[in-house]
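For reference, the structure discussed in these notes is given below.
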Amino acid sequence: MNASKILQQLMQQAGGSQKGGSGSGMDVKGMLSGLSKQLGGGSSQGGGSSSGFDIKSLLGGGAMGMLVGSKRGRSMGGKALKYGAIAGVGMLAWKAWQSSQAGKTGDTQQNTAQNVSEGERVEVLSGEIQERRSLELLQAMIMAARADGHIDEQEQALITEQIDALGADQEMHNWVEQQLKAPLDAQALAREADSPQAAREMYLISVAVTDDQNPMERAWLDQLASALNLPKEMTVALERQAQQAG
């Protein structure tokens, strides 16, 4: 399975979209124009289609935009999708933890030991550990995107197609299909977290692809925070980082 490759490309897409580019090297506009026709939406002019896709705002997002843009009625150009938080998920989660520790006293040796026990950021991991963390974050992202229940079978197939376009191997393809159909289970997802840092990253990337003004999505974030044993001050810090990252 090549989860780390897929996550890295999604993060690059998010970084490119935040800057106004595609960040993917693909002809995203042409690709989505074809998809809109397949969905019966005709031309992408006007920024929408009869299927509920916001085609205009998906143009810079590739698979990232498809994953969240498939949620009907969402304006991708608004505050719902936080590209910056996806692009820098590890560093931002770490900054949230550091800010929560500000002002707390302790000797240097104790602080160093605590830093080690918190776990590493996804950006600096390698090998099997990186692959595992990448799967955790992809799983969190997919579950969060499904939290309002508005991804149907046709949209699931399109999402899988776009993940495949990033170079997913067959095992990864099968895993994505499974995740798109699996029951939403915050407890099961939380059990995958391999460290406190992993838990923070999973929550932050979930915040990045949800709209906290949507009651179902807000409820999912609350369930996930509880399952991950994240205190309220930490979830507030993580949500602040996501909003500031844009």
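- In plain terms, the two heavy atoms of Leu92 and Ala85 that are nearest each other are CD1-CA, 3.6 Å.
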Before you tell me yes or no, could you show the steps for Glu177 and Thr160 under side-chain hydrogen bond (donor to acceptor under 3.5 Å, both in side chains), namely the whole-Å CA-CA distance, both residues' side-chain angles and the distance that decides it to 0.1 Å?
CA-CA 7 Å; Glu177 284 191 329; Thr160 305; 4.9 Å; no
Run the side-chain hydrogen bond (donor to acceptor under 3.5 Å, both in side chains) check on Gln178 and Asn174 step by step: do they pass?
CA-CA 6 Å; Gln178 180 183 13; Asn174 294 340; over 6 Å; no
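- Looking at Met172 and Ile6, their side chains come closer than 4.5 Å, going by heavy atoms from C-beta outward.
- Salt bridge present: Arg132 and Glu136 bring a charged side-chain N and a carboxylate O closer than 4.0 Å.
- In this structure, Leu228 and Leu189 have side chains that are not in contact, with every pair of non-hydrogen atoms separated by 4.5 Å or more.
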For residues 179-186, which side-chain donor-acceptor pairs fall under 3.5 Å, sequence neighbours excluded?
from: Gln179; atom 1: OE1; to: Gln139; atom 2: NE2; distance (Å): 3.2
from: Asp185; atom 1: OD1; to: Gln187; atom 2: N; distance (Å): 3.1
from: Asp185; atom 1: OD1; to: Ala188; atom 2: N; distance (Å): 3.0

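- Counting heavy atoms of neighbouring residues, nucleotides and ligands inside a 6.0 Å radius, atom CE of Met1 exceeds 12 of them.
- Annotation: side chain of Leu135 is not in contact with side chain of Glu192 (no heavy-atom distance under 4.5 Å).
- Using a 4.5 Å heavy-atom cutoff, the side chains of Leu230 and Leu224 are not in contact.
- Put simply, the side chain of Asn2 gets close to the backbone of Asp169: a donor and an acceptor are under 3.5 Å apart.
- Side-chain contact annotation: Ser100 with Glu233, donor-acceptor N/O pair under 3.5 Å absent.
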What donor-acceptor contacts under 3.5 angstrom involve side-chain atoms of residues 199-207, with partners at least two apart or in another chain?
from: Arg200; atom 1: NE; to: Gln197; atom 2: OE1; distance (Å): 3.4
from: Arg200; atom 1: NH1; to: Glu118; atom 2: OE1; distance (Å): 2.7
from: Arg200; atom 1: NH2; to: Glu118; atom 2: OE1; distance (Å): 3.1
from: Arg200; atom 1: NH2; to: Gln197; atom 2: OE1; distance (Å): 3.0
from: Glu201; atom 1: OE1; to: Arg133; atom 2: NH1; distance (Å): 3.0
from: Glu201; atom 1: OE2; to: Val122; atom 2: N; distance (Å): 3.0
from: Glu201; atom 1: OE2; to: Arg133; atom 2: NH1; distance (Å): 3.4
from: Glu201; atom 1: OE2; to: Gln197; atom 2: NE2; distance (Å): 2.8
from: Tyr203; atom 1: OH; to: Arg218; atom 2: NH2; distance (Å): 3.2
from: Tyr203; atom 1: OH; to: Glu239; atom 2: OE2; distance (Å): 2.5
from: Ser206; atom 1: OG; to: Met202; atom 2: O; distance (Å): 2.7

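- Atom CD1 of residue Ile142 and atom CD of residue Gln156 lie 10.0 Å apart, to the nearest 0.5 angstrom.
- Between Leu138 and Trp175, some side-chain heavy-atom pair lies under the 4.5 Å cut-off.
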